[in-house]
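Data block below; observations after.
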Amino acid sequence: MKICLAQIKPTPGDIATNINLHLQWINLAVSQQADMIIFPELSLTGYEPALAGKLATTPGDSRFAVFQDSSNSHNITICMGMPLRNAEGITISLLLFHPAGEVSVYSKQYLHPDEEPFFIPGKNSVRLVGNQAPIALAICYELSVPAHAKKAIERGAQFYLASVAKTAEGIEKAAERLATLAKDHTITTLMVNSIGNCDGMICAGRSAVWNSKGVLLAKLDANREGLLLFDTASGETKKIDC
């Protein structure tokens, strides 16, 4: 299985522009025979918690039909970040488009304290995806919560994949955590980050993959968009810069 990490620069608050941006990178991933592509945290809006109340929507939003069409046409699983609204509040979520299937959702269960004024925790369980090898999904702060990774490993995850929005300081801590997690539990870890503005700060890229010994296999630059492909069968990586 080829997993594609899409390190992009979302336009804050502009869903229409970001939809087009996502489609461009999905098409590039398809050209590389990717089986799955995942984008950074809240990639369709940019990481802008204060705007979530205005921008939040539901999984059935008609604007997202293009992603299901793309998933069906190219036999690729597509994972992207979006604030979603339900009866209880707004969640930080990943929309998952599966080939010949229906959109599903994984919502962040563990929030950073700074997010609590804007969001509620997701009530779903740790999400596993992938037909060939179980991949556990995490959203940003969750990778620093031991209980999250513990549940994923107990459920049989062989890969731990984090969608994040982190600054330079945050990405250093996340990289250390994911390398340690990989080594301690003999599990491959992956992280996709964005670049550009996020909540008044700058996201620092450096999307990366660590093998089951905690060794860094590859990472992208701190300030350029690009794709990082990882083949779960061979362990090979490939970088495609913008």
Original post:
Do Leu96 and Val105 pass the side chain to side chain contact (heavy atoms under 4.5 Å, CB included) test, and can you show the C-alpha distance, the side-chain angles, and the key distance before you say yes or no?
Top reply: CA-CA 6 Å; Leu96 311 174; Val105 173; over 6 Å; no

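- With rounding to the nearest 0.5 Å, the separation of NE2 in His22 from CD1 in Ile8 is 4.0 Å.
- A distance of 9.5 Å separates CD1 in Ile90 from CG in Leu84, rounded to the nearest 0.5 Å.
- The shortest heavy-atom contact between Met36 and Cys79 is CE-SG, 3.6 Å.
- Taking hydrophobic clusters as Ile, Leu, Val, Met, Phe, Trp and Tyr residues chained together by side-chain heavy-atom distances below 4.5 Å, Met191 does not share a cluster with Val145.
- With Lys108 as the partner, the salt bridge (Lys or Arg N to Asp or Glu O under 4.0 Å) test is satisfied by one option alone out of Glu142, Glu41, Glu116: Glu41.
- Annotation: side chain of Trp210 is not in contact with side chain of Lys183 (no heavy-atom distance under 4.5 Å).
- Linking ILVMFWY side-chain heavy atoms closer than 4.5 Å, directly or via other members, places Tyr160 and Leu229 in two distinct hydrophobic clusters.
- When atom types are taken as modelled, the side chain of Glu236 and the backbone of Asp231 share no donor-acceptor pair closer than 3.5 angstrom.
- In this structure, CG in Asn193 is found 9.5 Å from CD1 in Ile195, a value given to the nearest 0.5 Å.
- Taking hydrophobic clusters as Ile, Leu, Val, Met, Phe, Trp and Tyr residues chained together by side-chain heavy-atom distances below 4.5 Å, Leu111 does not share a cluster with Val164.
- If you chain together hydrophobic residues whose side chains sit under 4.5 Å apart, Leu143 and Phe119 never meet in one group.
- The hydrophobic cluster containing Tyr110 does not contain Ile153, counting ILVMFWY residues as joined when their side-chain heavy atoms lie under 4.5 angstrom apart, directly or transitively.
- For Glu154, the CD atom is densely surrounded, since the number of other residues' heavy atoms within 6.0 Å is greater than 12.
- Between Ile38 and Leu137 there is a side-chain heavy-atom pair separated by less than 4.5 Å.
- The two residues Ser107 and Thr91 come nearest to each other via the heavy atoms OG-OG1, 3.4 Å.
- Within the 3.5 Å criterion, the main-chain N or O of His98 finds no donor-acceptor partner in the side chain of Thr77.
- A heavy-atom distance below 4.5 Å is not found between the side chains of Phe230 and Leu5.
- Between Ile15 atom CD1 and Ser43 atom OG the span is 10.5 Å, to the nearest 0.5 Å.
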**OP:** Show your working on side chain to side chain contact (heavy atoms under 4.5 Å, CB included) between Phe64 and Leu95 and close with a plain yes or no.
**Re:** CA-CA 9 Å; Phe64 304 148; Leu95 290 166; 3.6 Å; yes

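- You'll find the ring centres of His148 and Tyr141 outside the 6.0 Å limit.
- Of all heavy-atom pairs spanning Leu51 and Gly13, the tightest one is CD1-CA, 4.0 Å.
- For Glu172, the side-chain hydrogen bond (donor to acceptor under 3.5 Å, both in side chains) criterion is met by Arg206, not counting sequence neighbours.
- Put simply, the side chain of Thr189 gets close to the backbone of Leu178: a donor and an acceptor are under 3.5 Å apart.
- Looking at heavy atoms from C-beta onward, Thr232 lies out of side-chain contact with Gln158 at the 4.5 angstrom threshold.
- Listed for the Asn18 side chain is a donor-acceptor partner under 3.5 Å among the backbone atoms of Thr11.
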**OP:** Mind running side chain to side chain contact (heavy atoms under 4.5 Å, CB included) on Leu190 and Phe159 for me, showing each step along the way?
**Re:** CA-CA 8 Å; Leu190 307 91; Phe159 302 88; 4.3 Å; yes

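- Between Phe39 and Val192 the shortest heavy-atom distance is O-CG1, 3.7 Å.
- Note: Lys9 NZ to Ser194 OG = 10.5 Å, rounded to the nearest 0.5 Å.
- A donor-acceptor pair under 3.5 Å is absent between the side-chain atoms of Ser70 and the main chain of Phe67, judged by distance alone.
- A donor-acceptor pair under 3.5 Å links the side-chain atoms of Asn72 to the main chain of Ala100, judged by distance alone.
- Among residues two or more places apart in sequence or in another chain, the salt bridge (charged side-chain N to carboxylate O under 4.0 Å, His left out) test is passed with Arg63 by Asp61.
- Counting all heavy atoms, side chain and backbone alike, Ala50 lies closest to Phe118 at CA-CE2, 3.7 Å.
- Taking a 6.0 Å sphere around CD of Glu176, one finds it holds 12 or fewer heavy atoms contributed by other residues, nucleotides or ligands.
- Using a distance-only test at 3.5 Å, with no hydrogens or angles considered, no donor-acceptor pair links the side chain of Arg85 to the main chain of Leu55.
- Here the OG1 atom belonging to Thr167 is positioned 10.5 Å from the OH atom belonging to Tyr47, to the nearest 0.5 angstrom.
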**OP:** Could you check Gln32 against Lys238 for side-chain hydrogen bond (donor to acceptor under 3.5 Å, both in side chains), going step by step and ending with a plain yes or no?
**Re:** CA-CA 10 Å; Gln32 298 296 315; Lys238 181 179 181 180; 2.7 Å; yes

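- Distance alone, capped at 3.5 Å, places no donor-acceptor pair between the Thr188 side chain and the Asn211 backbone.
- A donor-acceptor pair under 3.5 Å is formed between the side chain of Glu48 and the backbone N or O of Asp199.
- Nearest heavy atom pair, residue Asn27 against residue His74, reads OD1-NE2, 4.4 Å.
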Which side-chain N or O atoms in residues 215-223 pair as donor and acceptor under 3.5 Å with protein atoms at least two apart or in another chain?
unit_1: Asp221; atom_1: OD2; unit_2: Arg224; atom_2: NE; d: 3.0
unit_1: Asp221; atom_1: OD2; unit_2: Arg224; atom_2: NH2; d: 2.9

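- A side-chain contact (heavy atoms from CB on, under 4.5 Å) with Cys198 is found for one member of Pro10, Cys203, Pro12, Pro49 and no other, namely Cys203.
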